[in-house]
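In what follows, every chain begins at residue 1, and chains take the letters A, B, ... in the order their sequences are listed. Everything numeric here is computed off the predicted structure, so don't read it as measured data.
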Amino acid sequence: MQDARAFREAVLALVGMIPVGHVVTYGQIARVAGYPRRPRQVGMVLKGLPEDTTLPWHRVVNAQGLVPSRGRFWGALLQIQRLRDEGLEVAEDGTLDLERYQWRGEFTPWPQL
DNA sequence: ATGATGACATCTT
DNA sequence: AAAGATGCCATCA
C-alpha cells in the first residue's frame, strides 16, 4: 500500500469518470486504481463520502450487479432511485443487467464534461 | 494496543 | 449452482 489518502483520492477520481448510464464494480475500481485486492476499501471510501457530494457514487455496484450488498443498507433505495433517474432499469431487489450497463471502456477524464 | 466489522471479490468445497 | 472460507485493510469499539 502506498498511502490511504492517495488511495481514496484515486477512487474518488475514478468514480467521477464513470459515464452516465453506466455502472462499475468495486473490484473494477480497485483494479484500475492500482489496488487489485482492495474492493472492500473502495466501499469504505464511499461510505465516508459526505451526503452533499457531487460524486456519482451510485454508479458503483458489486460484482453481481446487485446494488448494495445485503439488499438494503442506509440508502440502497436512494441509489436505485438515482440509477433509474439516469435511465437504467433496476429491479426492486436492486439487481441490474451488468452485461448491459457495466462500463468496460477506459477510465479517462470526461472528454467534454 | 488488540479485536471485531464491513457500500466486496475470488477461490474452494 | 449455491454456500462457505479466505484475503484485504481502514475504521470502530
Distance check needed: [N] [atom2] versus [X] [atom1], whole Å only.
X	N	atom1	atom2	result
A:L66	C:dA2	CG	C1'	16 Å
A:Q41	C:dA10	CD	C1'	6 Å
A:L49	C:dT11	CG	C1'	15 Å
A:R5	C:dT11	CZ	P	12 Å
A:R8	C:dA10	CZ	C1'	10 Å
A:M44	C:dC12	CE	P	10 Å

Output all residues satisfying salt bridge (Lys or Arg N to Asp or Glu O under 4.0 Å) with [X], sequence neighbours left out; order by chain, then residue number.
X	answer
A:E86	A:R59
A:R100	A:E89
A:E106	none

- Pairs meeting criterion salt bridge (Lys or Arg N to Asp or Glu O under 4.0 Å) with involvement of residues 21-31 of chain A, two or more places apart: none

- Answer yes or no: does a side-chain N or O of A:R38 lie under 4.0 Å from OP1 or OP2 of C:dC8?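 No, A:R38 has no side-chain N/O under 4.0 Å of OP1/OP2 on C:dC8.
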
Distances under 3.5 Å between nitrogen or oxygen atoms of protein and nucleotides 9-13 of chain B:
from: B:dA9; atom 1: OP1; to: A:A63; atom 2: N; distance (Å): 2.7
from: B:dA9; atom 1: OP2; to: A:A63; atom 2: N; distance (Å): 2.8

- Message: Which residues pass the ring pair (Phe, Tyr, Trp, His ring centres under 6.0 Å) test with A:F7, not counting sequence neighbours?
- Response: A:Y35

- Message: Are there over 12 heavy-atom neighbours, none belonging to A:Q64, within less than 6.0 Å of that residue's CD?
- Response: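 Not more than 12 within 6.0 Å, no.
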
